[in-house]
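One structure below.
Read the numbers this way: they start at 1 and go in the same order the structure lists the ligands and their atoms.
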Amino acid sequence: MSIAIGSDHAGFPLKEHLKTELQAMGLEARDFGTHSTDSCDYPDIAHAVSRAVAQGECESGILVCGTGIGMSITANKVTGVRAAHVSDPYSARMAREHNNANVLCLGERVVGQGLAGDILRAWLGASFAGGRHQRRVDKIGQVELEYRGPGR
Ligand code: RB5
């Protein structure tokens, strides 16, 4: 199963770097664009990556824009996606252990390549803790159902 990855123009260089990190870890990255620093709209990319995760085509996703904010706002509109916008390895680990985040959002203008790599490794290296956290994640799903209806 591959990891979906995408960025807008502002996140393009960091996306390319993270692809090489994933490949070095022996993980397959499925690139949903963008493919240059030409201006584009982050919701288009966030939607494509999030859809691939929600529909089970990819096991998780990584999104990069200038701040990570627009990507995370958009990704969290997709039923079944739990996108975490983080800028430090501790939050990345907790996003997986407590929130079972399946999409990681980063800001190219916020974190450097070294820190982003540490964040990526912390997130990929962590596992969902379950237990009381499962109950809370289930409640996130209940909120989705109330406002959005079941996912496809
Ligand atoms: C693009 O200038 C910038 O707005 C975008 O990359 C992102 O930071 C939005 O949240």
Side-chain angles (χ1 to χ4, degrees), residues 1-25 27-126 128 136-137 139-141 143-149 151-152:
M1 185 80 81
S2 57
I3 296 177
I5 190 165
S7 74
D8 69 354
H9 53 288
F12 173 71
L14 181 55
K15 171 179 63 88
E16 294 301 298
H17 173 74
L18 293 176
K19 275 167 54 182
T20 65
E21 296 241 4
L22 289 169
Q23 283 156 8
M25 289 181 235
L27 298 171
E28 186 192 342
R30 188 166 154 201
D31 191 345
F32 286 80
T34 189
H35 301 291
S36 76
T37 54
D38 293 346
S39 184
C40 66
D41 298 333
Y42 62 80
D44 297 334
I45 306 294
H47 190 189
V49 166
S50 299
R51 186 196 293 118
V53 173
Q55 294 184 342
E57 292 169 28
C58 296
E59 66 178 338
S60 55
I62 298 165
L63 288 165
V64 189
C65 63
T67 59
I69 296 170
M71 288 297 197
S72 61
I73 291 172
T74 309
N76 277 315
K77 301 294 181 192
V78 177
T79 299
V81 165
R82 291 175 302 281
H85 174 214
V86 304
S87 301
D88 65 275
Y90 174 77
S91 298
R93 178 167 66 83
M94 298 307 281
R96 190 75 105 176
E97 290 184 4
H98 285 196
N99 313 112
N100 204 14
N102 52 11
V103 173
L104 179 71
C105 300
L106 297 167
E108 161 115 32
R109 296 168 181 163
V110 182
V111 297
Q113 289 188 354
L115 179 54
D118 286 350
I119 291 168
L120 178 65
R121 283 183 287 278
W123 184 63
L124 290 174
F128 183 48
R136 294 162 185 166
V137 168
K139 288 188 176 185
I140 295 173
V143 174
E144 281 183 333
L145 275 176
E146 182 174 339
Y147 288 93
R148 302 175 188 176
R152 273 171 276 160

Protein contact of [atom] - nearest heavy atom, named by residue and atom, plus distance:
{"atom": "atom 8 (O) of ligand 1", "value": "T67 N, 3.0 Å"}
{"atom": "atom 6 (O) of ligand 1", "value": "D8 OD2, 2.6 Å"}
{"atom": "atom 7 (C) of ligand 1", "value": "C65 SG, 3.4 Å"}
{"atom": "atom 2 (O) of ligand 1", "value": "R109 NH1, 3.5 Å"}

Is there a donor-acceptor pair under 3.5 Å between the side chain of [X] and the backbone N or O of [Y]?
{"X": "R30", "Y": "I3", "result": "no"}
{"X": "E144", "Y": "G80", "result": "yes"}
{"X": "D8", "Y": "C40", "result": "no"}
{"X": "D88", "Y": "S91", "result": "yes"}

query = Should you measure from each heavy atom of A10, which atoms of ligand 1 turn up under 4.0 Å away?
reply =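 Per the distance check, 6 (O).
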message = At less than 4.0 angstrom from any non-hydrogen atom of G66, what atoms of ligand 1 do you find?
response =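 Numbered from 1, ligand 1 contributes 5 (C), 6 (O), 7 (C), 8 (O).
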query = Could you state the interatomic distance from CD (E28) to CD1 (I5), rounded to the nearest 0.5 Å?
reply =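 Interatomic distance, E28 CD to I5 CD1, rounded to 0.5 Å: 12.5 Å.
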Verify atom 10 (O) of ligand 1: protein non-hydrogen atom under 4.0 angstrom away =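 True for atom 10 (O) of ligand 1.
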inquiry  = Between L106 and L18, is the side chain to side chain contact (heavy atoms under 4.5 Å, CB included) condition met? List the steps.
reply    = CA-CA 11 Å; L106 297 167; L18 293 176; 3.6 Å; yes
Under 3.5 Å: N/O of M71 near N/O of ligand 1 =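 There is no such contact.
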